[in-house]
Peer 1: 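Below are the structure tokens for one structure; questions will follow.
Below, each value reflects all heavy atoms present in this structure, side chains not excepted, and no hydrogens, waters or symmetry copies.
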Amino acid sequence: MTEEIIIAGFGGQGVLSMGKILCYSGVMEGQEVSWMPAYGPEMRGGTANVTVILSDNKISSPILDTFDTAIILNQQSMDKFESAVKPGGLLVYDGNGITRHPERKDINIYRIDAAEEATKMGSTKTFNMIVLGGYLKVKKLYKLESVIKGLKKSLPERYHHMIPVNEKAIHRGLEIIKEVATVN
Amino acid sequence: MAENAITTKELIKKENLVYQKTRLLTDDVMHYCPGCGHGTVHRLIAEIIEEMDIQSEIIGVAPVGCSVLMYNYMNVDMQEAAHGRAPAVATGIKRLLPEKYVFTYQGDGDLAAIGTAETIHACNRGENITMIFINNGIYGMTGGQMAPTTLVGMKSSTTPYGREVSQMGNPLNMTDLVVNLPGTYFVSRQSVHTPGNVRKTKKALKKAFEYQALNKGVCFVEVVSNCPSGWKMTPLESNKWLAENMLPFYPLGDLKVPEE
Amino acid sequence: MEEFVLMKGNEAIAEAAIRAGTDGYFGYPITPQSEVIEYLAAAKPHERTGMVMLQAESEVAAINMLYGGAGAGKKVMTSSSSPGISLMQEGISYIAGSELPCLIVNVVRGGPGLGTIQPSQSDYFQSTKGGGHGDYNLIVLAPSSVQEMADFVGLGYDLAFKYRNPVMIQTDGALGQMMEKVKFKPQQPRSKKSPDWATTGKTSDRERIIITSLDLDPSRQERFNEKLQVKYRTIVEKEVRYEKIQCDDAEYLFVAYGTSSRICQKSIQMAREEGIKVGLFRPITLWPFPYNEIREMTGQVKGMLSVEMSAGQMVEDVRLAVEAKVKVDHYGRMGGIIPSSEEIVEALKQKIIGG
Ligand SMILES: Cc1ncc(C[n+]2csc(CCOP(=O)(O)OP(=O)(O)O)c2C)c(N)n1
Ligand code: SF4
């Protein structure tokens, strides 16, 4: 199995840490992983994105132009990455702030209103975990327990008290993700 | 809206104009973080150039630091220097174009770390230039590392447990150093954290440009400034922190004024 | 056994530096490598091993701190990115001229001048052909994964001390910023012994020691230069390192190092799906360069494409190696742009197969 993912949104949405948790979940299950962020002043208040590759085999290029999955969290990223999903691939997006919804007919599209849900849950910080939960519902990549272990590994010890809240958010994501269109 | 309220259209009229952006600033959107002092000082410099009507007679030197793109915002001729080398670049310009006004604009990493030698020697030679020194106590551009001016105990990404004197030495007070050099003619330390201070800074900067015409040496203005991003504070918090922590160590005022 | 951790390449270098028993790190912040010094600042290496780490006031100062520390017989290193490495060239030349060991990491970004902070490989000439003044060579290691970023710190020190020569790890912003799994070697103690050439204070049982690169007598200076050249020839004979990937049946060859070599591996998959038999030759030491090993490939392949994030620098060495026996061309992107795997396959078809 190889899964090539782009996660894209605003800096501060937890894009990079979501990627890191996915990678650590893969490591927990003995996989090869790579995490390649766009870096630079681009990050300051602007857009943030990370290319994540999870694979049973050695990873060749950590830098990609097309992806199996795009997780899209703002309009700029929609404009940039909708076309980069491979035919038959997956696009997961948060509807918050999206003015032009995805239009492609040859990919599977799911929507998750995680920003709204995070506010309801009283912690906007859990936003990225809700998205992650939703994504893992559609792509059953890992056992939940590997994901929780991955979460633990990627959080500094002083934040470990946050794990239960994050776990709850992942579960919430599993519940609220909605299918918009599928091709197969 | 009340019946008699004026509409936007009625409001936007020449006679109602109370403030206008100087034409010495371009229309480019500044990339600075919200609340950052760099933008304010840029505006002051631009206003002074306009007031003195010296656009055609001035050349600026931009540093490497957050203000590396200063040349995008200032509607004057500018050169970009390597990190820390602005005073040397300015020396080259001024020596070959002695009739022109030349200024440098540098952060604390640029002016007081990597460029210390150039700063000291330009000041010691008494180059007839204006040097503007933005002291925000941190490296903003590269993501908040310790600067020579970082206060004792202050956290940065390379002093995550706070600046410790035994390891990192004491903060370097560059302005106190250059004031002792015979080549400096006018030396002042100001700040832009309140409207009152902005006005005082403008006065000091204006003198620093006007005195340049006398060819008496370096006119040096330090502006104690903030870096909300690097300090990990809101703009308001950063201004308060500046007043409470930076100013006791970097007290404001003129340090060297010409005898009239 | 230690388990895998996920780390950025820059952080892996920093952790590996502590574990390799580094005595001193001296550096100055610059993107895209500031994580090295930031990691060290947070990891409290002083408490772990007694290792010294200091933020210098400039790269000029940092490299001279290395000079001093190396002359005192210690394991010392610095890291920077292109503009900072340019500033260090004077010091590097002095270190080579004084035959001192040290480790210099260059996380390359696009130039010339202030350029861009995005990844590049445009410092190849600077690293491999001198950089500073005088007849000298650095041993240059080019990692292509986060694991190698970590491993080459120890290897770098071994080579530096074996030959009393500065070693450079030349990597780029992409490898510095990306995270992969990495497994570290166990903590190595810092060395308690000083080499006998180090300035540690003259005792009555030995002559005094002078660290210098100066000799005003031309004939003695020439003899010293000849001695250096003998050392460099030994390094050329013994220390060439490279990797061949899918070369057994290859009819064409990519020659690439670092990030480019990773992208080429994807290009190989794509090309092979179309029936094009292409392999990868990856120099691991950029100096000494694997001239002979590349020349040997001319008996097997019909052409080679040197893929670099530069205007074409390593391609000159590939051409030297190949001696015009097969077609050699270059494909690259500049200014911080990373070529895509598709582009590279296309370039192979147009420049080598079709051309
Ligand atoms: C030779 C060299 N070394 C390092 C850098 C990286 N660098 C860019 S700006 C900067 C420091 C900026 O700090 P400061 O001068 O205080 O300005 P600020 O960003 O805070 O306004 C550094 C270290 C560089 N561009 N060139
Ligand atoms: S990082 Fe700091 S100095 Fe730079 S623009 Fe932002 S607030 Fe200003």
Side-chain angles (χ1 to χ4, degrees), chain B residues 61-71 79-86 88-89 106-120 138-150 154-172 174 230, chain C residues 8 10-11 14 24-47 50-65 78-91 107 109 111-117 173 176-177:
Chain B
V61 184
V64 178
C66 277
S67 45
V68 64
L69 294 175
M70 183 183 194
Y71 48 73
Q79 296 192 16
E80 167 62 38
H83 193 24
R85 315 297 174 219
V89 174
Q106 300 174 265
D108 40 57
D110 199 79
L111 180 139
I114 195 168
T116 311
E118 284 78 1
T119 304
I120 296 282
I138 207 155
Y139 289 8
M141 172 83 163
T142 40
Q145 293 86 7
M146 181 190 73
T149 49
T150 298
M154 187 173 164
K155 284 186 182 165
S156 73
S157 69
T158 49
T159 54
Y161 311 105
R163 181 176 187 153
E164 218 182 292
V165 174
S166 66
Q167 288 298 309
M168 315 292 175
N170 282 289
L172 181 59
M174 206 60 176
Chain C
K8 288 188 175 190
N10 286 335
E11 297 168 341
Y25 171 94
F26 306 93
Y28 186 76
I30 184 167
T31 313
Q33 68 76 49
S34 296
E35 292 83 1
V36 179
I37 188 169
E38 289 173 346
Y39 183 95
L40 289 173
K44 301 188 175 171
H46 194 75
E47 289 177 16
M51 171 181 165
V52 169
M53 88 115 223
L54 185 64
Q55 180 179 331
E57 72 272 27
S58 69
E59 293 87 352
V60 176
I63 194 71
N64 286 291
M65 290 171 185
T78 186
S79 61
S80 187
S81 178
S82 309
I85 298 287
S86 288
L87 269 184
M88 290 185 188
Q89 292 303 332
E90 177 196 53
V107 184
R109 62 189 234 184
L114 207 45
T116 162
I117 56 176
Q177 296 294 327

Peer 1: Quick check on the structure: residues of residues 78-89 of chain C within a heavy-atom distance below 4.5 Å of chain B, by number.
Peer 2: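 The stretch touches chain B at C:L87.
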Peer 1: Quick one: which residues of residues 31-38 of chain C reach chain B at under 4.5 angstrom, heavy atoms only?
Peer 2: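 The stretch touches chain B at C:T31, C:S34, C:I37, C:E38.
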Peer 1: Distance-only, no hydrogens or angles: does the C:Q55 side chain make a donor-acceptor pair with backbone N or O of B:T158 under 3.5 Å?
Peer 2: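 A pair under 3.5 Å: no.
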Peer 1: What part of C:Y39 gets within 4.5 angstrom of chain B, counting heavy atoms only: side chain, backbone, both, or neither?
Peer 2: neither
Peer 1: Work out which heavy atom in C:Y28 is nearest to a heavy atom in B:G109; give both atom names and the distance.
Peer 2: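 Shortest heavy-atom separation between C:Y28 and B:G109 comes out as OH-O, 3.8 Å.
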Peer 1: Look at B:V68, B:I114, B:V64 and state which one has the largest set of heavy-atom pairs under 4.5 Å with chain C.
Peer 2: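 Most heavy-atom pairs within the cutoff with chain C belong to B:I114.
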Peer 1: Within a strict 4.5 Å, meaning less than it, do heavy atoms of the C:L114 and B:H83 side chains meet?
Peer 2: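 Counting from C-beta outward, C:L114 and B:H83 never come under 4.5 Å.
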